[in-house]
Every structure is written in C-alpha cells, then in structure tokens.
Amino acid sequence: MLESKLCQAVIEAVQNLYGLQLAEKDVSLQKTRKEFEGEFTIAVFPFVRVSKKSPEATATEIGQYVKDNLTEVADFNVIKGFLNLQITKEYWLKFLSTHQNEANFGFTKTEESEVVMIEYSSPNTNKPLHLGHVRNNLLGWSVAQILKANGKNVVKVNLVNDRGIHICKSMLAWQKWGNSETPASSGLKGDHLAGKYYVLFDKYYRAEVAEMIATGIEKEIAEKQAPLMLAAQEMLRKWEAKDEVIIKLWETMNAWVYEGFEQTYHRMGIDFDKTYYESSTYLLGKLIVEKGLSDGKLIRKADQSVWADLTADGLDEKLLLRADGTSVYMTQDLGTAHLRHEEYQPKQMFYVVGNEQNYHFDVLKLVLHKLGYKWSDNIYHLSYGMVELPAGKMKSREGTVVDADDLMDEMEKTAYEKALELGKIDDFENEEAKQLYATIAMGALKYFILKVDPQKNMLFNPDESIDFNGNTGPFIQYTHARIKSLLKKASSDLCNIAADIEILPKEKEIIRLLHEYPSVIKLAGENRSPALIANYAFELAKEYNGFYQEITILKEENDDLRNFRLSLSVFTANTIKSAMGLLGIEVPERM
RNA sequence: GGUCCCGUAGCUCAGUUGGAUAGAGCAACAGCCUUCUAAGCUGUGGGCCACUGGUUCGAAUCCAGUCGGGAUCACCA
C-alpha cells in the first residue's frame, strides 16, 4: 500500500538523518488540503526536537530523502512545517488501469475461520416494526456487509421476542374483542393486526385502572389488580404450562406476525442467516445460572431468588431468577449467548441494540465473565442512538410512533411525485418506473439514516419528507445513473491508458478518492460505522459531478484524454455502486 | 442522586482518532441547459466548535470542572 510505503520512507528518513527510531503511528500521514500542491502531507513538528532545525528545514530534508528513495514520489514542497508529497502520474495511471474494473476493489478476501456473529432487529411479536427498528435493521445489515468486505465470515442472526406478558396482552385482546378477525378477513398485515389488539388491550386496561382509581383504590394497586392484567398474567401461566388452546392461539397469531415481518424485511432488503426464538431459548439460561450457583459464583436469597453480586465492579446486584424460579430477560440472554457460542464459536459477537440498553450489556458481559466464560470478552454491544421526533421520543400511547411500512409507502409516493414532476419517467415502462420509485425511495431513506454516526441520536421530522437533493441517497444514485448513460454512449473499449497525458486537478482529486476507498472500508469495519461509507460515497459523487460539469468527456477529441476520462468514469461508477451496496442501497442504470 | 452518552452555521449532519484559514447539505439570495441526464453545477451571506481552566510546538478533538439535553439505575423486554 502506498500510504504505508510513504510512512516507512519517512521513518527511514528520520532514522538516517537524525538517528531516531519511529513507529508507524508516530508519522501523521494525511491528505493534502486542496489549496496546496501534492496528495499526501506529513506534519514534521514532532521531529524538530531531534533534528534541531527549523520545521521548514526538517521538512525539506525529509522530503528530499523520500523523493530520492521512493520512485512513487515525484516531488515535494514545504509550507510551514508541513511536507506535501506529490505522487507520480505513472503511479496514478497504473492504479487506475489496474483497478478500474476490479470486481471487489477494496474488499478483503473472506477468511472462513474468522466467524463473526451479528444480531440485529430483535422484534417483539406484539406490534409492527417502527422507525427505531428501521435504524436497527439498516445498521445491522450494513455493518454485516462491511464486516464481510473486511474478510469476516459473517453470520447474521435475529432474536425474536415471541413470548412474555406483552404477547399475551394482544392475544387476550384478540380473544375478547377480535370476532375471529384474521389478516385475510381484515386485509390487514399480520403484524399490524396484532398491533391493533395490543393497542386495544392498553386502551381497555387503562379504562379499568381509571375506574378503579375513581372508586378510591390506589393507583399502584389498581394497575396490578385490574382484571385485564390479571387475565393476561393468567394467560402467561397457561402458556408456560403449555395449555393447548393458548399455544394454538399463540402459534396462529405469531404466524400472522411473521408473515408481516417477512414482507417488511423483504421490502427493506434485509435478511438473516438464522433466526432464534426466545420461546425456545429462554430456559437455557437457567442451566447456566444453576451451574453458577453450585460453583458459588451467584447467591440465593431467602426468598429463593438468585442474584449476581456486581457491587465489587461498581454496579448493583442483578436478579437472574425470580423467587418462583422463572427467568428474566438477562437470564435468557445468558442462555442465548452460550448457545451461540456453542454453535459457532464466533471470534466476535455483535449485538445491535439501542443505547438505552448500555447497562444491560455491561451487566451481561460482567456476569458471563464472573461465571468463568472467557468468550464474554468477544461480546460487543453496537450501541446506537435513538431516533427522535421534533417533539421528542416516539410514544405509542400518544400515537407518535412512525410505522416502518407507512414510512416506506410515504417515501415511494414522494419518489413518484418527484419523478413525475421532473419528467424523469416519461419513457419508462410501467414496471421499470415502479422499480425506480422503490429504488429511489429506499435509497433516500437508507442513506438518510445511515449517514449519521450510529452512536448519536438523530432527528426525524415526519412533516418534512426526506430530501432528494444535496447530501442524499438519490443524489448519489443520480450520479451513478448519469455515468451509466455516458458509458452507454461511449462505444469504445477502455483498455490501455496512455502515459503522456496531463491530469487536471479535478481528475487527480477523483483518483485520490478512489485510491482511498480500501482504507475507508477498513476504517468503517473497525468502527462498525456505515456512516463513514455513506459520507465517502457522497464525497466521491460530489467530486465527480464537479468534474462532469466542467470537463468534456465524450466529446473530447484527443482519444487518450477521452479514454482516460472514461476510465475515471467507469471506476467511479463501480465504486459508487460498491459503496452503496455496503449500505444496502441499489443504484439505478438510469433515472 | 450514582453511572454512561451528547452539545459544531437558523435547521440536519461531517470533521480521517492532536495538525495548516473548522466543512457539506437544507433553507435564503444571485447566476448556469441550441453541447455527455439541471434529482446537476458555480457564487454570496451565515461560527465565542456550550462555558472555564489545564496538557504542548499546535486542541472542535485529550484531561478536570461548570452549564444544558438525553439514557439508565425494574422480580419489563
């Protein structure tokens, strides 16, 4: 790699000139700012201590050494303490012709033994997916792609939370007020149907509680004693006892929900290699807890409940088994983690879960560590920020939840209106036009969400539809389509690039960006951040658009220049497509 | 209250892990299609990088404190 070659040369220079041995991290190699000549810049301030010369003199000496010893370096210049290196035209042109049509440029070959697991989505089966899940799904799927591009053997898993009191609530409501309604009879998607009854439960339950409070019962007692709540709890007990009627109802309603989820996932373009169901893993944790008890690593209290004492690590005590022996969320996660480790022995286990659960994952790792499972070190919580609305958090009770299916519908409608308005689809077949709205709508949505640093909270304003201009998915898609159109008109093959052409600054900038792509993939993998890929794709598209606007490509009369610019275009289109692919965004051939 | 995260243009976000004069997009205004797709390009205005101190050649970035916002501290998941 050129970058490390440059670093090595600088290390060598400092060693030979000043007798100081540096490590690669001591050399700050960065991109040269646009206003200066050159492609790479090294700040030499750290070296003046040993050179005992001015920054300018030091930079000049190092620059001269590097120029003399590296054929790739054509020249250098020094501004204040900054050494700007200029790379030879030959290097850039060779780079261009070598990689312009390389299938997986920038990707690392998959290492089969590097098994890495990533869990994302993890929905509850009592309501449809909302905007929060959308961020989760897109992040998870994209990070999986990025890890693959970094040579990992990725296993994508989903953990469906298909049991528990909240599931019973929608079941109970359906039983009471459903009149045997089904997705077929109502025309509702299965997950929306279940969600409808979950909301209904909440409505009647709150009415009951209000009524009880009105008769003088205390709020807390009312909430616990409301008949609907008692009935839901009774249903959960029956479920755990495998009551036939309840199990049947549970299976039926969950099947509806899965059908609905599948449609949403499919439309979103995300998938899984394996799906775990909490109903079949929730008991596994008990075995681990019992072993921990007999090993004396956990404590049993007088009421028979089991706890992990984490006070020595600055945390609290954590409940692992209730007094009645039933398991809690943490217990279940211990079991699932263990199961996954047994099944795959992953080198790393990633959990894409919102930052509201930071504490949960700290505890999970700590408890596993305490119980002696060394692989607890391989657990990483990919914590991401909340999606907030202008009014604050989404609240289902206030009806401010942004539904995933509705959101995608809205986006498609906007894409359609926009395309119509701009006359983009006048010569499109019906099917192709439909395909285009979907591609652009999803491109806009995915890019909007993925361009933000995962760690940070982000704002979504439902009143303003997501933009299609500027720093957006469609902007990048458009750039790709534009290049494709250009290439269709250029019938010539692009094979050899002549050596004696002049490279303009705008062209140089594009080459440099393309050259940077592999290290962007690497960085995105290390940081598990699709945002780095997104911002890179935008920068590349923007740079190309500037070039396209200002410089003649097809109509250039000099064949060498024409070929060179077409090569640049091909390479850019390929890289845009590749980068957007890592985000799960398709790029159209025309739009 | 304890712990953790965040605070950059009117708004939404970048800022390559400490480097040069802090950047994009949106919104506003002014231009550019008889020539490769105008979902594009060019230009103008807009900043006490929350505040204060510290570390050093150099800080939006690291450390400490203050203020403001969020999350969490359940026998919910």
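Side chains included, hydrogens not; waters and symmetry mates left out as well; all remaining heavy atoms used. Just so we're on the same page: letters track the sequence lines, and every chain starts at 1. What you are looking at is a predicted structure, and each value in this text was computed from that prediction instead of being measured.
- Nucleotide B/U37 is matched to nothing when pairs are restricted to Watson-Crick or G-U wobble geometry with both distances under 3.5 angstrom.
- Both tests do not hold together for A/Lys413 against A/Tyr437: distance to the six-membered ring centre under 6.0 Å, angle to the ring axis within 45°.
- The distance between atom CZ of A/Phe448 and atom P of B/A14, rounded to the nearest whole Å, is 11 Å.
- Across all strands shown, A/Asn527 has heavy atoms under 4.0 Å from base atoms, whether or not it also approaches the sugar-phosphate.
- Going from the P atom of B/C5 to that of B/A64 covers 11 Å, rounded to whole Å.
- In this structure B/G1 sits in a base pair with B/C73, meeting the Watson-Crick or G-U test at under 3.5 Å.
- Contacts of A/Gln357 with the nucleic acid, taken as non-hydrogen atoms under 4.0 Å apart, include base atoms.
- Cation-pi geometry between A/Arg590 and A/Phe428 is satisfied (NZ or CZ under 6.0 Å from the ring centre, within 45° of the ring normal).
- One C1' atom belongs to B/C41, the other to B/G25, and the distance between them is 15 Å to the nearest Å.
- Contact annotation: A/Arg322 side-chain N/O to B/C76 OP1/OP2 distance is under 4.0 Å.
- Scanning all heavy atoms of the two residues, the minimum distance from A/Pro530 to A/Ile146 falls at CA-CD1, 3.6 Å.
- Because its glycosidic torsion is more than 90° from 0, B/U8 is reported here as anti.
- The stacking criteria are not both satisfied for A/Phe538 over the base of B/A24, which would need a centre-to-centre distance under 5.5 angstrom and an angle between ring planes under 30 degrees.
- Remark: B/G53 base-pairs with B/C63; criterion is Watson-Crick or G-U wobble with both hydrogen-bond distances under 3.5 Å.
- Looking at the side chain of A/Ser305, the nearest of the listed nucleotides B/G70, B/C75, B/A14 is B/C75.
- Between B/G65 and B/G1, the distance separating the two P atoms is 15 Å to the nearest Å.
- Glycosidic torsion of B/C26 falls outside 90° of 0, placing the base in anti.
- In this entry the distance linking CD of A/Glu464 with C1' of B/C11 reads 8 Å, nearest Å.
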Let me have a per-nucleotide readout for nucleotides 36-43 of chain B, 5' to 3', with B, S or -, counting only protein heavy atoms under 4.0 Å. BBSBBS--
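- Heavy atoms of A/Gln455 sit under 4.0 angstrom from primed sugar atoms or phosphate atoms, though from no base atom.
- Here the options are A/Val570, A/Val520, A/Leu514, the test is side chain to side chain contact (heavy atoms under 4.5 Å, CB included), and the partner is A/Thr575; only A/Leu514 passes.
- Distance check on atom P: B/A22 versus B/A27 gives 26 Å, rounded to whole Å.
- Only the C1' atoms considered, B/U8 is 8 Å distant from B/G47, to the nearest whole Å.
- Spacing between B/G15 and B/U21 at atom C1', rounded to whole Å, works out to 15 Å.
- In summary, the side chains of A/Gln455 and A/Asn355 do not present any donor paired with an acceptor at a separation below 3.5 Å, with no hydrogens or angles considered.
- Taking the 5.5 Å centre cut-off and the 30° plane limit, the aromatic side chain of A/Phe45 is not classed as stacked on B/G58.
- In terms of heavy atoms, A/Leu321 sits closest to A/Ser327 at CD2-CA, 4.0 Å.
- Within residues 48-60 of chain A, no residue approaches RNA chain B, by heavy-atom distance under 4.0 Å.
- Separating the C1' atom of B/A50 from that of B/C6 is a span of 12 Å, rounded to the nearest Å.
- With a 6.0 Å radius and a threshold of 12 heavy atoms from other residues, nucleotides or ligands, A/Glu586 has its CD atom at or below the threshold.
- In this structure, A/Arg528 forms a cation-pi arrangement with A/Tyr380, its terminal cationic atom sitting closer than 6.0 Å to the ring centre and no more than 45° off the ring axis.
- Atom pair A/Phe36:CZ and B/G19:C1' shows a separation of 12 Å (rounding to whole Å applied).
- Between A/Lys34 and the choices A/Glu509, A/Glu543, A/Glu39, the salt bridge (charged side-chain N to carboxylate O under 4.0 Å, His left out) rule is met once, by A/Glu543.
- Both A/Met330 and A/Gln30 lie close to RNA chain B; mapped to their nearest nucleotides by heavy-atom distance, the more 5′-ward contact belongs to A/Gln30.
- A/Thr41 comes within 4.0 angstrom of a base, heavy atoms only.
- Side-chain nitrogen and oxygen atoms of A/Lys456 include none within less than 4.0 Å of the OP1 or OP2 phosphate oxygen of B/G70.
- At a threshold of 4.0 angstrom between heavy atoms, the contacts of A/Asn84 include nucleobase atoms, whether or not backbone atoms are also involved.
- B/G31 and B/A38 are spaced 13 Å apart, taking the C1' atom of each and rounding to whole Å.
- Side chains of A/Ser121 and A/Asn136: no donor on one and acceptor on the other come within 3.5 Å.
- Base contact: A/Asp303 has a heavy atom under 4.0 Å from a base atom.
- In this entry B/A28 has B/U44 as its Watson-Crick or G-U wobble partner, both defining distances falling under 3.5 Å.
- Here the closest heavy-atom approach between residue A/Gly106 and residue A/Ile521 is recorded as O-CD1, 3.5 Å.
- Comparing B/A77, B/U12, B/U72 by their nearest atom to the side chain of A/Glu356 picks out B/U72.
- Checking B/G68 for Watson-Crick or G-U wobble geometry (two distances, each under 3.5 Å) identifies B/C6 as its partner.
- No side-chain N or O of A/Ser170 forms a donor-acceptor pair with one of A/Asn126 less than 3.5 Å apart.
- Each of A/Pro454 and A/Leu319 was matched to the nucleotide of RNA chain B holding its nearest heavy atom; the match closer to the 5' end belongs to A/Pro454.
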